[in-house]
Number of protein chains: 2
Amino acid sequence: MPDRKNTSETPIRTAVANEDGIDFVLIELFFFAYRDFTSDPDQMLAHYGFGRAHHRVLHFVNRGPGLTVAELLDVLKITKQSLARVLKQLIDAGHIVQLQGPRDRRQRELYPTAKGRALALALARPQSRRIHAALQDTGAEGRAFIEGFLKAMVNPELRAQIDALPKAQE
Amino acid sequence: MPDRKNTSETPIRTAVANEDGIDFVLIELFFFAYRDFTSDPDQMLAHYGFGRAHHRVLHFVNRGPGLTVAELLDVLKITKQSLARVLKQLIDAGHIVQLQGPRDRRQRELYPTAKGRALALALARPQSRRIHAALQDTGAEGRAFIEGFLKAMVNPELRAQIDALPKAQE
DNA sequence: CAAAATATGTCAGTACTGTTGACATATTTT
DNA sequence: AAAATATGTCAACAGTACTGACATATTTTG
């Protein structure tokens with residue numbers, strides 16, 4: 001195997017760290033944390049022939065039953081063509097049902113079935129367990145910081161959407 | 001458009017919240033936060049014809065110059081076939097160079113070029129800015145909690161890898 | 001009422017990132 | 001000399017996203 005280039009591209013041998021005050025530690029931690037956060041449901045979904053996109057749809061339909069297709073697209077920030085396949089599979093598998101909108105009959109309201117509710121809970125369980133364990137490691141008084149931090153990481157325009165979802169006390 | 005099924009799949013009309021003590025709030029916040037966290041570099045990468053996978057390779061090669069291919073695969077947890085395309089493109093574009101390993105000549109040590117270093121920094125900058133702003137919103141004393149929480153979210157077996165990366169004080 | 005706008009669905013093509021399986025080459029270890 | 005290792009490469013496939021175009025039903029507007 002020959003060396004791929006000899007166009008005198010000089011290799012840099014020093015590790016980048018803290019340059020321009022860039023927070024590489026948190027950047028990496030966020031990557032690793034999210035990867036492992038999604039790994040448990042990913043494994044479960046594989047048994048159903050579903051992927052991460054199915055999980056997200058199932059999650060938000062369970063969190064806000066009666067959601068219209070347009071509202072779901074707005075939350076997920078994907079195109080309707082992307083949603084279509086995933087949603088169709090969830091409907092065909094009996095996890096989600098569509099009802100014609102009562103006010104506007106063009107709309108399709110999305111509801112979970114008992115099966116869809118059960119799957120959503122099963123997928124959320126290991127994620128919640130992981131979060132709970134991490135909070136205990138950190139100290140329970142850290143929760144407010146963590147919630148505040150994550151919310152502050154979200155684009156300001158979108159925070160309204162988050163507040164529109166059901167809260168813990170409901 | 002007919003209703004897709006009439007197999008008497010009963011819709012559930014109540015939102016799921018706090019069931020089985022599941023922490024839906026943090027699950028969702030983590031999803032939204034990560035999505036927006038990756039959106040800035042994603043946009044920049046599109047200009048180069050690169051994707052998120054290129055970003056990750058570039059990041060870790062910059063964080064640990066001299067990394068071998070096997071070490072990189074171990075960090076990213078992908079197959080070598082997945083890495084191959086992405087790595088080849090980065091090498092061809094002059095962001096990364098490969099040097100034959102000094103001890104073991106089968107190995108290929110990966111180093112960033114000046115161009116690769118510059119791109120890595122440019123991609124990290126908006127992410128770090130977002131993190132910095134979020135920390136300020138939260139209060140600076142929350143940083144330890146957030147770092148601890150994110151690290152605790154990572155699978156224990158993999159935390160050693162994280163500790164092996166350069167720290168801020170180096 | 002007719003026309004325009006809206007909500008949804010669908011077809012076709014493409015890109016990126018990941019997978020598995022198989023096999024080749026160079027090098028090191030046994 | 002044989003086996004193991006590090007890397008590279010070819011082929012096929014899957015999941016999730018994208019764009020563009022067009023169809024249908026329904027509501028809103030002029």
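Order of the sequence lines sets the chain letters (A, B, ...), proteins ahead of strands, with each chain counted from 1.
Closest-nucleotide positions on DNA chain C for A:Glu109 and A:Arg85 were compared, and the one nearer the 5' end corresponds to A:Glu109.
A:Ser128 places no side-chain N or O within 3.5 Å of a backbone atom of A:Ala124 that could act as its donor or acceptor partner.
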Starting at the 5' end of DNA chain C, what dot-bracket string do you get if Watson-Crick and G-U pairs under 3.5 Å are bracketed, crossing pairs use [ ], other-strand pairs use | and unpaired bases use dots? ||||||||||||||||||||||||||||||

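Between A:Leu87 atom CG and D:dA17 atom P the separation is 13 Å, expressed in whole Å. Rounding to whole angstrom units, CZ of residue A:Arg108 and C1' of C:dT6 are separated by 13 Å. Atom CZ of A:Arg35 and atom C1' of C:dT17 are 15 Å apart (whole Å). Counting to the nearest Å, the P atom of C:dT8 and the CG atom of A:Leu99 are 13 Å from each other. Atom CG of A:Leu90 and atom P of D:dG15 are 13 Å apart (whole Å). The distance from atom CD of B:Gln89 to atom C1' of C:dC16 is 9 Å, rounded to the nearest whole Å. We find that CG of B:Leu45 is positioned 14 Å from C1' of C:dA15, with the value rounded to whole Å. The nearest whole Å value for the distance from the CG atom in B:Leu67 to the P atom in D:dA6 is 14 Å.
Remark: B:Arg56 is not positioned above the aromatic ring of A:Phe31, lacking an NZ or CZ atom under 6.0 angstrom from the ring centre and at most 45 degrees off the axis.
Across D:dG8, D:dA17, C:dA7, the shortest atom-to-atom separation from the side chain of A:Arg56 is found for D:dA17.
The pair B:Asp163-B:Arg159 fails the salt-bridge criterion, with no side-chain N (NZ, NE, NH1 or NH2) lying under 4.0 Å from an Asp/Glu carboxylate O. Using a cutoff of 4.0 Å between basic side-chain nitrogens and carboxylate oxygens, A:Glu147 and A:Arg143 are scored as salt-bridged.
Listed in residue order, the members of residues 70-83 of chain A having a heavy atom less than 4.0 Å from DNA chain D are A:Lys77, A:Ile78, A:Thr79, A:Gln81, A:Ser82.
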Under the side chain to side chain contact (heavy atoms under 4.5 Å, CB included) criterion, do A:Val61 and A:Leu90 qualify, and how do the steps go? CA-CA 11 Å; A:Val61 169; A:Leu90 286 168; over 6 Å; no

Each nucleotide N or O in nucleotides 27-30 of chain C that has a protein N or O under 3.5 Å away: list the pair and distance.
residue: C:dT27; atom: O2; partner: B:Arg106; partner atom: NH1; Å: 3.4
residue: C:dT28; atom: OP1; partner: B:Arg105; partner atom: N; Å: 3.1

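Residue contacts for A:Arg52: at a heavy-atom cut-off of 4.0 Å it reaches the sugar-phosphate backbone alone, with no base atom in range. Backbone-only contact: A:His54 has heavy atoms under 4.0 Å from sugar-phosphate atoms and none from a base.
In this structure, A:Tyr48 and A:Phe50 have parallel ring planes: the angle between them is below the 30° cut-off, well short of the 60° mark. Ring-plane geometry between B:Phe149 and B:Phe30 is classed as perpendicular, the angle between the planes exceeding 60 degrees on a 0 to 90 degree scale with a lower cut at 30.
For the residue pair A:Arg108 / A:Thr68, no side-chain donor-acceptor distance below 3.5 Å is found, with atom types taken as modelled. Defined by atom type and a distance below 3.5 Å, a donor-acceptor pair is missing between the side-chain atoms of A:Gln89 and A:His95.
Taking the salt bridge (Lys or Arg N to Asp or Glu O under 4.0 Å) definition, one finds that A:Lys77 meets it with A:Asp74, sequence neighbours left out. Applying the side chain to side chain contact (heavy atoms under 4.5 Å, CB included) test to B:Ala122 and every residue at least two apart in sequence or in another chain returns B:Met44, B:Arg125. Not counting sequence neighbours, the partners of B:Asp40 by the side chain to side chain contact (heavy atoms under 4.5 Å, CB included) test are B:Pro126, B:Arg130.
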